[in-house]
Amino acid sequence: MEKVILIKYGELSTKKANINYFLAKLKDNILIALKDYDVKIEYDLGRMFIHTNDFSNVLKVIQNIFGIHEFCIAYLIKSIEFKEVTKNIINLLKETTFKTFKVETKRSNKKINNTSVELSKMLGGEILKNIPNLKVDVNNPDLLLNVEYRLNNTLIYYETLPGLGGYPVGTLGKGLLMLSGGIDSPVAGYLAIKRGVKLEAIYFESPPHTSNEAKNKVFKLSRKLALYNNDINVHIINFTAIQEAIYKNIPHEYLITIMRRMMYRISAIIANRRNCKVLINGESIGQVASQTLTSMSAINEAVKIPVIRPVACFDKLEIIEIAKQIDTYETSILPYEDCCTIFVPKHPVINPDLKKCLEYEKLIPYEELIYNAIKNHEIIKITKEEINEYSDLL
Ligand code: ATP
Ligand code: MG
């Protein structure tokens, strides 16, 4: 009998024609996440097994991988003979503390003559005979023993842990996350990764109006996302010239609307270059003046690429709850200025008029400014291991 880690797929198993693609990606992602450990992975259309000797560390890493519905310690018995299977199970259960139990059997090997229900009853009877003071409880057992008769072996497990769910990162292509140092955008990024989207990130800075601390905050948040995304490329755009031009030339109530239209335009160009199919951001309906439906629509008009807003319909408290779960909250609330916060007008327009946006934009040479910002932009690859390299920044 071999002790292994069992992975159950959940939603992935509904992918009929593409299932092999999803499973191969899940295996690759697990191997990347476990590259520091000695592991071997085997899988079929129903189950994946990790062979290792380092159970506690591997289990910790598995918790952060999307595409896993449930996981647990399991045992593989190299036999489908009832006697042999029963002997192994009884030895295993003798070392486990419980008073009541239930057996649930699956039988993918149809060569076995007994039905699943018969097998459960037979095995339950043997357990009662061999281990004293136990009772069967079919409604609320202390221990639910799962027994799966497979082609050449039998799988046993009785304690499953919930995985993160979602799809393996990368299976749904790439997206570009507009990542500020705030609370909302890292959560938006996390939710997009959950649906299988591999992220790159873009950050707009305005030195000297924004500080290095503000940028380091974004690196730190990126590192948190890298945990789920395998690694993450962060595009740093110097936005100073564009913001100053907007500030000097455009009526102040439209500062934010025009600034965001510029951010969208730059993001769309970078996305296109990097083969990212969508932009992702942390906008939430009604949260600030630039996130009313009229504002979002006036801003969105600047680009053709689809914009996904994973937290659009979440309350701030719901967003904060996820930020705490993924450990970005404490970093996000550090009080460094963002390029959106430094040029804030007293009375930003709540219902911007698209015609006015187009008119005001003519007051600055924005195409040239955008060209320069992109020409000089920097890309930094953040991996979860880079904590040491960046430790002075974090
Ligand atoms: P967040 O909490 O994510 O900063 P927010 O509520 O502060 O969001 P805004 O500042 O209006 O809202 O920004 C809305 C979205 O625009 C952000 O969630 C983020 O996706 C993007 N964004 C804002 N500022 C920047 C920036 N400096 N660099 C990259 N993206 C940004
Ligand atoms: Mg912000």
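For ligands, and for the atoms within them, numbers begin at 1 and follow the listed sequence.
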cation_pi(K356, Y254) dist<6.0 Å, angle<=45: no
Side chain, backbone, both or neither: I280 near ligand 1, heavy atoms under 4.0 Å: neither
Ring geometry between F98 and F101 (parallel below 30°, tilted from 30 to 60°, perpendicular above 60°): perpendicular
Passing option when P186 is tested against L177, L179, V218, I322 for side-chain contact (heavy atoms from CB on, under 4.5 Å): L179
Polar proximity ligand 1 side, F204 side, N/O cut 3.5 Å exclusive: yes
Nearest option to atom 1 (P) of ligand 1, as decided by whichever heavy atom of S180, S267, G282 sits closest: S180
Check: Y157 ring centroid to Y75 ring centroid under 6.0 Å: no
Donor-acceptor side-chain pairing of S290 and S295 below 3.5 angstrom: no
Option nearest atom 12 (O) of ligand 1 (shortest heavy-atom distance, choices Q287, Q291, R260): Q291
Close N or O approach (Y203, ligand 1; < 3.5 Å): no
Pair F49 + Y43: ring centers closer than 6.0 Å: no
Region of E205 engaging ligand 1 - heavy atom pairs below 4.0 Å: neither
I256 contact mode with ligand 1 (heavy-atom cut-off under 4.0 Å): neither
Geometric cation-pi criterion, R195 with Y167: 6.0 Å, 45°: yes
Polar atom proximity, M263 to ligand 1 (N or O, under 3.5 Å): no
Within reach of ligand 1, part of S332 (heavy-atom separation under 4.0 Å): neither
